[in-house]
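First the structure, in the form of structure tokens, and then the observations on it.
Keep in mind that what you see is a predicted model, and the values were worked out from it rather than measured. Lettering of chains follows the sequences in order, A, B, ..., and the numbering in each one begins at 1.
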2 protein chains.
Amino acid sequence: IIELTDVFKRYRVGEQEIVALNGINLSIDQGEYAAIIGPSGSGKSTLMHLLGCLDTPTSGRVLIQGNDVSTADANRLSEMRNSHIGFVFQSFNLLPKLSVLQNVELPMIYAGVSSRERRERALASIERVGLADRAGNTPLQLSGGQMQRVAIARALVNSPRIIFADEPTGNLDSKTGAAILALFRELSQQGSTIVLVTHDDKIAAQTPRRIEIKDGRIVQDFFNPDA
Amino acid sequence: IIELTDVFKRYRVGEQEIVALNGINLSIDQGEYAAIIGPSGSGKSTLMHLLGCLDTPTSGRVLIQGNDVSTADANRLSEMRNSHIGFVFQSFNLLPKLSVLQNVELPMIYAGVSSRERRERALASIERVGLADRAGNTPLQLSGGQMQRVAIARALVNSPRIIFADEPTGNLDSKTGAAILALFRELSQQGSTIVLVTHDDKIAAQTPRRIEIKDGRIVQDFFNPDA
Ligand SMILES: Nc1ncnc2c1ncn2[C@@H]1O[C@H](COP(=O)(O)OP(=O)(O)OP(=O)(O)O)[C@@H](O)[C@H]1O
Ligand SMILES: Nc1ncnc2c1ncn2[C@@H]1O[C@H](COP(=O)(O)OP(=O)(O)OP(=O)(O)O)[C@@H](O)[C@H]1O
Ligand SMILES: [Mg+2]
Ligand SMILES: [Mg+2]
């Protein structure tokens, strides 16, 4: 369902060239549940942005559900995202002036869902992450972990077939974090394809597949027999 | 050096009243190194903001180095902060249009330090967190963990006597995180007072003192014999 071939991502900053992804080859099948682990600055978020159709590679090929998005323009990328993909950002990317409810409804507006149905599904998603009583607040009235959970609720509200989560439990205590991981496992069992980024080995040990990245290269990629 | 007596923090949001801090009594001596741990939404950041003179309580008393800041105005709070305190925010609060170097120099501008000395000390601080080669980049050109390290460099650049760090390793892999904690331990041994918030038990187990908060109350507060 996802296929990266010889993918490079380079940033030029004045004199400097940063090679964020240094020759990535990666295949993820429908229904898989994989964790990407690696040190700070190793290329995890950059890789996720390519997988999530938020950016294109400097060179190489990116196929998502058979569609070649390697050189897609902003509209095409946005189309791909809205129809197939849920993305949880490392920095949440909530709209500060909108309420929790409005933030979570956003993906459905793009999808042309009726306002009654939007409200119902948004509230259900917000409930699922344990924040039903905060639906009327704005992000600035929430704690870091509460914002993270709203970002998760928003990513899941369209029941996307593919979910990308960039450090979804980084701001959560172990109990709340475990609840979120249980939610992902449930979605995986229901057939969604899930790729999550973590810097926490304990979390990477729980997913069926473990992909390790270092300095923009995949250095390990195996299936956890016990996960 | 820090004394909180019967401290409450309440937020009114329309009909709703959120009690973020529900009767906090806390004393921290000069040179102590303490971790505050607790679930998401339990009041950790709110408590840190009061300790760090970024906010005042709804009721109760806050003494910092003998100064009563419970009802201080913005200027007084800002004075306290710039002279004594280094604060690492859970959401970094870097200025996106400024370079890493400029971000780290900021506290010294308020302190009236000469531009040559500012540059030297900022570069030293940036080097300490392993980002010497990124001093010219802006935050948006950095990874989550790199931004977190810049926020730490900025908090330390004035060699503050008191350091508050709100989840300083949340975005860091274990190796980089351990290096940052080693840095804090070193500063503690040199006499700084350090309070860090974490949701990670392993980290709270490493500091001499462990303060547990739940629903805005301190439920546990003891010294780690093995730390
Ligand atoms: N827009 C950009 N311009 C320049 N360099 C960039 C840009 N975005 C990312 N980088 C660099 O690319 C490298 C990989 O970044 P990335 O965000 O993918 O790392 P990461 O593995 O997610 O790190 P973390 O665990 O800290 O979040 C880093 O060195 C980063 O500084
Ligand atoms: N400006 C605000 N208005 C309303 N409620 C607020 C405001 N700031 C914080 N709160 C609420 O106060 C409670 C404590 O928030 P706080 O940020 O201190 O939690 P925290 O322990 O730091 O959580 P986390 O681990 O998720 O960062 C939360 O329920 C939060 O929603
Ligand atoms: Mg990242
Ligand atoms: Mg917090």
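For the pair Arg209(B) and Ile28(B), the minimum side-chain heavy-atom distance is below 4.5 Å.
Separating the CD atom in Glu105(A) from the OG atom in Ser125(A) is a distance of 11.0 Å, to the nearest 0.5 Å. Between Phe184(A) atom CZ and Ile194(A) atom CD1 the span is 6.5 Å, to the nearest 0.5 Å. Here the CD1-CZ distance, from Ile126(A) to Arg154(A), works out to 11.5 Å after rounding to the nearest 0.5 Å. Atom NZ of Lys44(A) sits about 11.0 Å away from atom CG of Leu21(A), to the nearest 0.5 Å. Distance check: Thr46(A) OG1 to Asp55(A) CG gives 8.0 Å after rounding to the nearest 0.5 Å. Taken to the nearest 0.5 Å, the OG1 atom of Thr169(B) stands 9.0 Å off from the NZ atom of Lys202(B).
Between chain B and the residues Thr176(A), Thr198(A), Leu172(A), the most heavy-atom pairs under 4.5 angstrom are made by Leu172(A). In terms of non-hydrogen atom pairs under 4.5 Å with chain B, the most contact-rich of Ser42(A), Gly177(A), Gly170(A) is Gly170(A).
A salt bridge is absent between Arg217(A) and Glu212(A); no separation between the charged side-chain nitrogens and carboxylate oxygens falls under 4.0 Å.
For residues 144-153 of chain A, the interface with chain B (any heavy-atom pair closer than 4.5 Å) comprises Gly144(A), Gly145(A), Gln146(A), Arg149(A), sorted by residue number. Listed by sequence position, Asp133(B), Arg134(B), Asn137(B), Gln141(B), Ser143(B) are the residues of residues 131-143 of chain B in contact with chain A, using a 4.5 angstrom heavy-atom cutoff.
Residue-environment remark: CD (Glu127(B)) stays at or below the threshold of 12 foreign heavy atoms within 6.0 Å.
Exactly one residue among Asp221(A), Asp200(A), Asp201(A) makes a salt bridge (Lys or Arg N to Asp or Glu O under 4.0 Å) with Arg210(A). That residue is Asp201(A).
Classified by interplanar angle (parallel below 30°, tilted 30° to 60°, perpendicular above 60°), the ring pair Phe87(B)/His49(B) is perpendicular.
Neither the backbone nor the side chain of Ile37(A) comes within less than 4.5 Å of any heavy atom of chain B.
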